Amino acid sequence: MDNKQFRFDLSFLRAFSVLVVLFYHYNFFLFSGGFVGVDVFFVISGYLMTSIILSGIQSNTFNLITFYKKRIIRIIPALLFMLIFFLIILYFFIPTQFIIYLKSAYSSCLFFSNFIFYLNSGYFDYYSQFNFLLHTWSLSVEWQLYMVYPLLLLLLKKIYLRNIEIFKIIYIFLIALSFLLMNIYSRSNPSYAFYMFYLRAWEMMFGGLAFIYSYNLIKINNNIKKYIFIISLVILFGFVLIANRTLTWPSYLTLVPVFAVSIIIFINVDIKLFHNKIITYLGNISYSLYLWHWPIYVLSAYFSLNINILNRIFLILISLLFAIISYHFIEKTKFIKVKFVLFISIVFSLFTIILTEIDIRTIYPTRYKSNLVYYATNYPLSTQCKAQYSYNNHHFQPKKQNFLDFYLNKVEVDTSKKNVILLGDSHAGMFIKTFKNIFKNSDYNLIQITTNGAYPMIYPNPGKEQEKFFFNYFFKEFFPKNSNHIDLVIISSSYIYYAVSNEDLLEKIDNTESYFKQFNVKTLFLGQNMIYDIDFPTKYYLKNCYSITRKQDEILKENVLKINTLLKDKLNDKYLDLLKLPIKEVSNVGIPYVHDTGHFTFYGAEQYAPYIKNKLIECGVSLK
């Protein structure tokens, strides 16, 4: 096959891929399965890479360094142009997102953003729509495959040249292995299956099959080719229409669009539609359009501009404009291709210096703004936050610690004192330092039993979830053994996260109350705190600077207030209603009371200390 011959069908598939992804991201209802477009890109890329590498091996002209250099020239300049543009935009217009963006930009530049996003969020999660560079995960996956794939084919070079049939068997075996592993992980850890390159390798290699078997194409009748092509195209379009984000992806179902695209590429039918200049042009600018459409969408999401369909159409046109600029002035510019090494070195150096050497609190001229940026960005990693939660000592973090090695089975109740337990999730953990201050000079011993991401109750089927094992241990072993020495259990949680329904939440409360009642131990519930749809410092900044009121935030606030009323009516005097207490959202120097979407900073938690102290005294706790 002459891999220099222009393939109009590939240009059509590129255009199709980027458009369905774009319409999916911009929430057009007919494109609920538009995420399939990324899988189409993988197949196309696999076909092209395989044709370049194997054709070069066949003619003995393949050069690995040249291959990598061309990939750099193809991918990095346009990527850096987009990254720097939005870096400037965020610095001036949404400073609370600047450092977060910079860290993502750094991982995107070095093509490990898929690992970062795996550790922090799922692609289909609600909060992922506020990640400016979420879409770069696919570039990282492709780049990692680009690094490994030619080495694999070079390893099989002698087999390919001497016995193509054995090569095919090995190649198909590797596809099957990757596909099998993907299916295993898609059941146990879907996010890992989504982001990891070796679990996506089979998609690219399916594209490679289309090249490897391309010499068999002459054996197929032209009329049969057209029928096969039409059927494959219908399947592909149909999948985009019927698939949706509720599907586990990737999974065995991913084989359907991947196989359909591979067949279209293999059949190599040339029809008049493929020669349409608009389609060809969209195929040409598809990479730049993919790069620009998502951060433009995210920017509009922060400013609540993407709700109206006319606004979304306008945003798509803006994306097209920037894609055209990127294509003509970056992708096709010879100057950048010549100077790319110097350019890339400067940008990487700049990113590294900002991330490692510059104090975040000095990057903005006012202390107020710098504090908002700091608390939105670095507070969770700060020593103050670790002390606030008692991380590494008493607050169990399932992703970082093993339950069997954790302190809970070693906690001893102080029999010489009255004992009070603070029990709950991370929303209980955020209060521990405040409670330590409250009980500091009292006759009470404070015991912390907190972990991330689980309501404090007995779980009948904890599965592999360590945080549920944690609470099971507490309720089944720790508390029954020590209940005679416990005077009060204070329960704190973000109840709204664990409420399947109002009835379900009330049942959880009843079960919790009934459990402690059988041991004649008193309980006190700290109330539901406010939850935001984006991190509070950013919400506060947008509202104060631009008068942005987010519709989703108002809906969430309404739901929180309903849950709060439900709990207050249920628990009466045992419930401390945090939402009615007067507190200051941001200090005079810009320290916010919440640093993310719902967790208090120490400044925020301390504002509730007087109210908590008074409530404890009401419950009969003697505090000096």
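Numbers for residues simply follow the sequence, beginning at 1. Quick caveat: nothing in here was measured; it's all calculated off a predicted structure.
- Heavy-atom neighbours of Tyr546 OH from other residues, nucleotides or ligands within 6.0 Å: above the threshold of 12.
- The shortest side-chain heavy-atom distance between Leu305 and Leu299 does not fall under the 4.5 Å cut-off.
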Side chain to side chain donor-acceptor pair (under 3.5 Å) between Tyr297 and Asn27, intermediate numbers included: CA-CA 10 Å; Tyr297 172 83; Asn27 298 313; 3.2 Å; yes
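- By the neighbour-count criterion of 12 heavy atoms within 6.0 Å, atom OH of Tyr391 is densely surrounded, having more than that number from other residues, nucleotides or ligands.
- A salt bridge links Arg74 and Glu331; the closest N-O separation between the charged side-chain nitrogens and carboxylate oxygens is under 4.0 Å.
- Under 3.5 Å, the side chains of Thr280 and Ser11 contain no donor-acceptor pair of N or O atoms.
- Checked for salt-bridge contact, Asp533 and Lys539 miss the test: no charged N lies under 4.0 Å from a carboxylate O.
- Contact check for Phe28 versus Ile313: side-chain heavy atoms found under the 4.5 Å cut-off.
- With Phe194 as the fixed residue, the ring pair (Phe, Tyr, Trp, His ring centres under 6.0 Å) test singles out one of Tyr118, Trp249, Phe117, Trp137: Trp137.
- Under 3.5 Å, the side chains of Ser251 and Ser186 contain no donor-acceptor pair of N or O atoms.
- Around atom CZ of Phe85, more than 12 heavy atoms belonging to other residues, nucleotides or ligands sit under 6.0 Å away.
- Using a 4.5 Å heavy-atom threshold, the side chains of Ser382 and Tyr374 count as touching.
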Evaluation steps, side chain to side chain contact (heavy atoms under 4.5 Å, CB included), between Leu10 and Ile265: CA-CA 7 Å; Leu10 296 185; Ile265 295 173; 3.8 Å; yes
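- Tyr287 places a side-chain heavy atom less than 4.5 Å from the side chain of Leu139.
- Asp425 and Tyr498 share a side-chain donor-acceptor pair at under 3.5 Å.
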Residue pair Gln397, His395: steps toward the side chain to side chain contact (heavy atoms under 4.5 Å, CB included) verdict: CA-CA 6 Å; Gln397 297 173 280; His395 181 80; 4.0 Å; yes
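- Enclosure of atom CZ in Phe314 is not indicated, since only 12 or fewer non-hydrogen atoms of other residues, nucleotides or ligands lie within 6.0 angstrom.
- Under 3.5 Å, the side chains of Ser45 and Glu142 contain a donor-acceptor pair of N or O atoms.
- Using a 30° and 60° split on the angle between ring planes, Tyr185 and Tyr198 fall in the perpendicular class, above 60°.
- Counting non-hydrogen atoms of other residues, nucleotides and ligands closer than 6.0 Å to CD1 of Ile278 gives a total of 12 or fewer.
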Candidate pair Ser107 and Ser113, rule side chain to side chain donor-acceptor pair (under 3.5 Å), full reasoning: CA-CA 5 Å; Ser107 66; Ser113 62; 4.9 Å; no
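- Checking Gln97 against Thr538 by side-chain atom types alone, a donor-acceptor pair falls below 3.5 Å.
- Here the side chains of Leu236 and Val40 are in contact, with some heavy-atom distance below 4.5 Å.
- Annotation: the span from Phe29 atom CZ to Leu241 atom CG amounts to 10.0 Å, rounded to 0.5 Å.
- A donor-acceptor contact under 3.5 angstrom links the side chains of Tyr149 and Thr50, judged on distance only.
- Between Phe130 and Tyr302, the ring planes are tilted. Angles from 30° to 60° get that label.
- In this pair, His293 and Tyr26 present their aromatic rings tilted. The plane angle is within the 30 to 60° band.
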Intermediate values then yes/no, side chain to side chain contact (heavy atoms under 4.5 Å, CB included), Arg200 and Asp39: CA-CA 9 Å; Arg200 291 289 196 149; Asp39 302 278; 2.8 Å; yes
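- Remark: Lys103 fails to qualify as a cation-pi partner of Phe98 under the 6.0 Å distance and 45° angle criteria applied to the six-membered ring.
- Inspection of the Tyr47 and Arg7 side chains reveals an N or O donor paired with an N or O acceptor under 3.5 Å.
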Val18 and Leu282: CA distance, side-chain angles, deciding distance, side chain to side chain contact (heavy atoms under 4.5 Å, CB included) verdict: CA-CA 8 Å; Val18 74; Leu282 284 171; 5.6 Å; no
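- Taking the six-membered ring where the residue is Trp, Phe31 and Phe23 present tilted rings, their angle falling between 30° and 60°.
- Under the 30°/60° scheme for interplanar angles, the aromatic rings of His135 and Tyr290 are found to be tilted.
- Between His328 and Tyr281, the ring planes lie parallel to each other; the angle is under 30°, not in the 30° to 60° tilted range.
- Between Asn131 and Ser104, the closest side-chain pair of non-hydrogen atoms falls below 4.5 Å.
- Considering only heavy atoms from C-beta on, Met204 stays 4.5 Å or farther from Val43 through its side chain.
- Ring geometry for Tyr146 against Phe67 counts as perpendicular: the plane angle is over 60°, on a 0 to 90° scale with 30° as the lower cut.
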